[in-house]
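Computed from heavy atoms alone, side chains included, the values below leave out hydrogens, waters and symmetry copies. Index from 1, following the sequence. Remember, predicted model here, so these are calculated numbers, not experimental data.
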Amino acid sequence: MKEMIRSIRLFESLTDEQIEMMQAYSEVVNFRNGEKLFQVGHLAKNIYVLLEGKVSIQVQLSSSPENMSIVVLQKPGQLVGWSGLMGGAHFSASGVCMADSRLLKIDGEQFLHTLQKFPEAGFGVMFEIASVISQRLRNLQSVVLKTI
């Protein structure tokens, strides 16, 4: 699992020691097409990294009865459920598998403790997460503007 974690861009700033620590609170999980990884409003305890498959990040707009997809993730290494790293946060969207999928599930609280213990590595990870959040906000803005 160490080499798999090492190959994920989000974790480039981590040392071998930090990746070994991370392995203790991470696991590979499988979801079937149509299964929810997480749901808006639920307590965010974990973050996920897509290894294979397809995940739709969806929000409910008050102007529409169905969920709207703000992004579809299908490239290995993409972050899913960043809220799980924010400590006590709740998911601001839902994550739904659009195909059978395999993901790396990481305990958000444990990972946050690791990043706090090693601020240099933490900066690199948080910079990557900030980039993801920025892109997702632009996607959400685009979806909202199209519905107006």
message: Quick test of your reading: applying side-chain hydrogen bond (donor to acceptor under 3.5 Å, both in side chains), list the pairs with at least one residue in residues 100-128, sequence neighbours left out, ordered by first then second residue.
response: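 Every pair satisfying side-chain hydrogen bond (donor to acceptor under 3.5 Å, both in side chains) with a residue in residues 100-128: Arg9-Glu128, Tyr25-Thr114.
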task: Indicate the atoms forming the closest heavy-atom contact of Trp82 with Ser92, along with that distance.
output: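 Taking Trp82 first and Ser92 second, the nearest heavy atoms are CZ2-OG, 4.4 Å.
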- request: Examine Ile47 and Val71 and state if one hydrophobic cluster contains both, with Ile, Leu, Val, Met, Phe, Trp and Tyr joined whenever side-chain heavy atoms are less than 4.5 Å apart.
  value: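 No, Ile47 and Val71 fall in different hydrophobic clusters.
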query: Picking from Met4, Met1, Glu3, Lys2, what satisfies side chain to side chain contact (heavy atoms under 4.5 Å, CB included) with Ile19?
result: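 So the option named by the test is Lys2.
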- prompt: What is the minimum heavy-atom distance between Gln74 and Gln78, and which atoms define it?
  reply: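 Result for this residue pair: N-OE1, 2.9 Å.
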From CD1 (Ile5) to CE (Met22), nearest 0.5 Å: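 It comes to 4.5 Å.
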- request: List the atom of Ala93, the atom of Val59, and the distance in Å for their closest heavy-atom pair.
  value: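 Answer, listing the atom of Ala93 first, then Val59: CB-CG1, 3.9 Å.
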message: What I want to check is whether the side chains of Glu17 and Thr15 have a donor and an acceptor closer together than 3.5 Å.
response: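 No, Thr15 and Glu17 have no side-chain donor paired with an acceptor closer than 3.5 Å.
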- prompt: Quick one: side chain to side chain contact (heavy atoms under 4.5 Å, CB included) partners of Ser13, sequence neighbours excluded?
  reply: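 Ser13 satisfies side chain to side chain contact (heavy atoms under 4.5 Å, CB included) with Ala121, Val125 once adjacent residues are dropped.
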query: Knowing that exactly one of Asn46, Ile129, Leu79 qualifies, which makes a side chain to side chain contact (heavy atoms under 4.5 Å, CB included) with Leu85?
result: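 Looking at Asn46, Ile129, Leu79, the match for Leu85 under the side chain to side chain contact (heavy atoms under 4.5 Å, CB included) is Ile129.
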task: Check Leu50, Ile57, Val80, Val96 against Leu37 for a side chain to side chain contact (heavy atoms under 4.5 Å, CB included) and give me the one that passes.
output: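 So the option named by the test is Val80.
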- request: List for me each residue that meets salt bridge (charged side-chain N to carboxylate O under 4.0 Å, His left out) alongside Arg6, sequence neighbours excluded, and say none if there are none.
  value: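 In terms of salt bridge (charged side-chain N to carboxylate O under 4.0 Å, His left out), with neighbours along the sequence ignored, Arg6 is linked to Asp16.
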- request: Answer yes or no: is there a side-chain heavy-atom contact under 4.5 Å between Val55 and Cys97?
  value: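 In contact.
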message: Between Leu51 and Val72, is there shared hydrophobic-cluster membership here, with clusters defined by ILVMFWY side-chain heavy atoms closer than 4.5 Å?
response: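 In one cluster: no.
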- request: Nearest 0.5 Å please: distance from the CD1 atom of Ile8 over to the CG atom of Leu104.
  value: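 The CD1 atom of Ile8 sits 5.5 Å away from the CG atom of Leu104.
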Hphob cluster co-occupancy, Ile106 + Val28, side-chain heavy atoms under 4.5 angstrom: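 The answer is yes; both residues are in one hydrophobic cluster.
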task: Let me see the working for Leu112 and Met126 under side-chain contact (heavy atoms from CB on, under 4.5 Å), right down to the final yes or no.
output: CA-CA 10 Å; Leu112 184 58; Met126 290 302 195; 4.0 Å; yes
Spacing of CZ belonging to Phe91 relative to CG belonging to Leu43, to within rounding of 0.5 Å: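 It comes to 8.0 Å.
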task: For the residue pair Tyr48 and Phe38, categorise the inter-ring angle as parallel (less than 30°), tilted (30 to 60°) or perpendicular (more than 60°).
output: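 Plane angle under 30°, so parallel.
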message: Let me check something: do Leu10 and Met21 share a hydrophobic cluster, defined by ILVMFWY side-chain heavy atoms less than 4.5 Å apart, either directly or through other members?
response: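 No.
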query: Rounded to the nearest 0.5 Å, how far apart are CD of Gln58 and CD of Gln39?
result: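 If we round to the nearest 0.5 Å, Gln58:CD and Gln39:CD are 10.5 Å apart.
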- request: Say whether Phe11 and Met86 are linked into one hydrophobic cluster, either directly or through other cluster members, by side-chain heavy-atom distances under 4.5 angstrom.
  value: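 Yes: a chain of side-chain contacts under 4.5 Å links Phe11 to Met86.
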